[in-house]
Amino acid sequence: MPSLSTSLLLLGTAASKVLAHSHLAHILVNGVLYNGFDPRPNIANFPNRVGWSSSNTDDGYVGPADYASPEIICHKSGAPPLAHAPVKAGEKVHVQWNGWPIGHVGPVLAYIAPCLNTPNGCGSVAKTNLRWTKLDDSNPVLVPGAPGNWGSPAGKWATDVMIAQNNSWQVEIPRGLKPGPYVLRHEIIALHFAKDKGGAQNYPVCMNLWVEAPASSVPAPQPFKLDSFDARAFYKDTDKGILIDVSTSLTGYVVPGPTVAPQARPVAHGQQQMMLSRADGTPVVVVSSTATRKWTPTGGAVKRTAEPVVKGRYFRD
Ligand SMILES: *[C@@H]1O[C@H](CO)[C@@H](O)[C@H](O)[C@H]1NC(C)=O
């Protein structure tokens, strides 16, 4: 019988070679679907997708060697689509990954960044200008000793929770967030090879959101205070949560990167749930009118199926 660490290695190898890895399949807002981006070759992606494109045709990852490069921001050659998924402040975005290998244990993280002073919301944002606020660190990332999906000697990981919910995770958009265009960055850091420096695997996926005022103005939302972290400074290859041997029994896990903003409300592990779509969404595309600096949607060109075109709903000064 192979030793635990050999099995772990085999699992990791099998996962990386056979299952490939993963990408953002879609997001749901109140059960309404907006498409992600599939980077694999010969895939026709939906023109109305809200997921950023990337060049990781192997469905792979960004490694610690790229922690200071733009690749870590929204994956390799990450580029924004024009479309945004409308979501009310205070609602949850259900992030659906296209599967997740059980051996790829680690944290599940969420960050948000406003797209400021751009002509098309996040559709024409320069990613290096994005400044991020952490909304969720999937705490507790590791429950030491608890059984996970594959019997990790360390315990149960946030990725085990995510896999149990059909590889999905919910992120609450803060109720006090100022309406406007934002990039949501969801990221899983797989630690199966993280025992060696440079062995961690980051899977950042970005998607455009169009945040609207909360469903009810009562009580008035507390303005949400954004942070301004640069993704190129999130992680170091020697961070405790990046250089770590997950084949040993651990007493806990130190989440890498900035701390979660105090006003953010991560969805607890026990509240995570899988979700089916009930309809296709109509994304918002913004085009500038430089004279007035208003944002106008054009739904028609980016629709996936025959949904009603929503016009004139999404304006901001
Ligand atoms: C599970 O996720 C897949 C995408 O990876 C999706 O097509 C399917 O509808 C989801 N099933 C449920 C029950 O959420």
Side-chain angles (χ1 to χ4, degrees), residues 11 14-54 56-61 74-75 78 81 83 85-87 91-110 136 138 148-150 156-173 184-190 192 201-209 266-283 302-307:
L11 241 169
S16 57
K17 298 261 163 60
V18 179
L19 293 176
H21 315 272
S22 194
H23 59 262
L24 174 68
H26 60 252
I27 62 172
L28 300 175
V29 180
N30 282 320
V32 173
L33 185 145
Y34 300 90
N35 290 290
F37 177 80
D38 188 335
R40 293 172 297 177
N42 307 316
I43 301 272
N45 275 286
F46 291 102
N48 66 346
R49 64 187 158 80
V50 300
W52 283 45
S53 61
S54 56
N56 51 313
T57 51
D58 60 350
D59 242 355
Y61 55 90
C74 288
H75 219 310
V87 51
E91 287 183 324
K92 295 182 184 72
V93 173
H94 190 103
V95 180
Q96 177 69 61
W97 286 74
N98 187 54
W100 195 252
I102 53 172
H104 282 33
V105 300
V108 180
L109 311 169
D136 188 356
S138 64
N149 293 329
W150 60 291
K156 182 175 182 171
W157 292 87
T159 42
D160 291 317
V161 175
M162 192 187 85
I163 290 166
Q165 303 306 341
N166 191 30
N167 315 299
S168 70
W169 198 268
Q170 293 182 87
V171 180
E172 184 171 312
I173 304 305
L184 180 65
R185 178 181 184 276
H186 206 234
E187 179 180 38
I188 309 172
I189 308 180
H192 51 294
Q201 301 182 352
N202 294 56
Y203 296 81
V205 290
C206 288
M207 61 216 86
N208 289 348
L209 301 181
V267 177
H269 289 195
Q271 306 300 312
Q272 294 292 344
Q273 56 183 28
M274 60 181 89
M275 198 181 280
L276 282 173
S277 74
R278 58 177 173 79
D280 289 329
T282 302
V302 293
K303 288 182 331 109
R304 180 181 187 230
T305 54
E307 312 97 31

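We use all heavy atoms of the structure for the numbers below, so side chains are in, but hydrogens, waters and symmetry mates are not. Numbering of ligands and ligand atoms starts at 1, following listing order.
Taking the six-membered ring wherever Trp is involved, the centroid distance between the rings of Phe37 and His23 does not fall below 6.0 Å. Ring pair His21/Trp97: centre-to-centre distance not below 6.0 Å.
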Show your reasoning for whether side chain to side chain contact (heavy atoms under 4.5 Å, CB included) applies to Trp100 and Ile188. CA-CA 10 Å; Trp100 195 252; Ile188 309 172; 3.4 Å; yes
Can you check side chain to side chain donor-acceptor pair (under 3.5 Å) on Asn149 and Asp160, steps first, answer last? CA-CA 6 Å; Asn149 293 329; Asp160 291 317; 3.3 Å; yes
Could you go through the side chain to side chain donor-acceptor pair (under 3.5 Å) check for His26 and Asn35 one step at a time? CA-CA 4 Å; His26 60 252; Asn35 290 290; 5.9 Å; no
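Of the possible donor and acceptor atoms, one in the side chain of Gln96 sits under 3.5 Å from a partner among the backbone N and O of Asn166.
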May I have a table of the N/O to N/O pairs between ligand 1 and the protein that fall below 3.5 Å, each row giving the two atom names and the distance to 0.1 Å?
| from | atom 1 | to | atom 2 | distance (Å) |
| --- | --- | --- | --- | --- |
| ligand 1 | 2 (O) | Gln96 | NE2 | 3.2 |
| ligand 1 | 2 (O) | Asn166 | OD1 | 3.3 |
| ligand 1 | 2 (O) | Asn166 | ND2 | 2.5 |
| ligand 1 | 5 (O) | Trp97 | O | 3.4 |
| ligand 1 | 11 (N) | Asn166 | ND2 | 2.7 |
| ligand 1 | 14 (O) | Asn166 | ND2 | 3.0 |
| ligand 1 | 14 (O) | Met275 | O | 3.0 |

